[in-house]
Asks: 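Starting off with a structure, shown below.
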Amino acid sequence: MLVTNHVLTGALVGLACPGPVSAFVAGVASHVALDVVPHWGDRPIDEVMPIAVADGLAGLTAIAVVWRRTPARWRLRVLAGMAGASVPDLDKPGQVVLGASPFPRAVDDLHARIQTRESADRMPQEIVVGLGTAAVLAVVLRRLRA
Ligand SMILES: [Zn+2]
């Protein structure tokens with residue numbers, strides 16, 4: 001699953017949680033749930049890298065925009081939800097930039113094992129999930145600001 005979709009989902013999860021700790025834990029759980037469902041992937045690394053870089057930048061932008069659009073009262077739990085939902089994917093930039101994942105081998109093995117339902121044909125699904133989640137999040141945040 002694209003990390004941008006994990007970030008957007010994590011924001012919604014954070015809004016549904018009573019505080020930052022539960023938001024972070026639920027964010028990690030949402031990451032696992034989204035990685036288990038069929039999603040885009042299963043491409044050679046040289047094809048994935050340009051998309052991964054663009055997705056990483058989009059995810060960081062989403063964090064900044066959501067942070068800015070979230071009323072102060074909700075910000076910490078929303079940030080915690082986004083962090084929990086995206087932190088499991090730090091294994092990829094860790095491997096590319098530092099040559100190693102920041103997580104224990106058992107965590108990386110589990111993360112790889114749950115992502116067996118990837119297909120190169122599912123990018124349209126990723127885009128629909130991202131746009132739909134962003135739309136729901138925008139409506140919820142607008143109502144919280146009103
Ligand atoms: Zn993942």
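Just so you know, ligand 1 is whichever comes first in the structure, and atom 1 is the first atom listed for that ligand.
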Asks: Looking only at N, O or S atoms in Asp35, which is nearest to the Zn ion (ligand 1)?
Replies: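 This turns out to be OD2.
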Asks: Just say parallel, tilted or perpendicular for the rings of His31 and His6, cut-offs at 30° and 60°.
Replies: parallel
Asks: Please say whether more than 12 non-hydrogen atoms of neighbouring residues, nucleotides or ligands are located less than 6.0 Å from CZ in Arg105.
Replies: no
Asks: For the Zn ion (ligand 1), find the closest N/O/S atom on Asp89 and give its atom name.
Replies: OD1
Asks: Are there more than 12 heavy atoms of other residues, nucleotides or ligands under 6.0 Å from atom CZ of Arg69?
Replies: no
Asks: Using the side chain to side chain contact (heavy atoms under 4.5 Å, CB included) rule, pick out the option among Val48, Ile127, Asp121 that qualifies with Trp40.
Replies: Val48
Asks: Could you tell me whether the Zn ion (ligand 1) has an N, O or S atom of Asp91 under 2.8 Å away?
Replies: no
Asks: So, 2.8 Å as the limit: is an N/O/S atom of His111 located closer than that to the Zn ion (ligand 1)?
Replies: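 Given the 2.8 Å cut-off, His111 counts as a ligand of the Zn ion (ligand 1).
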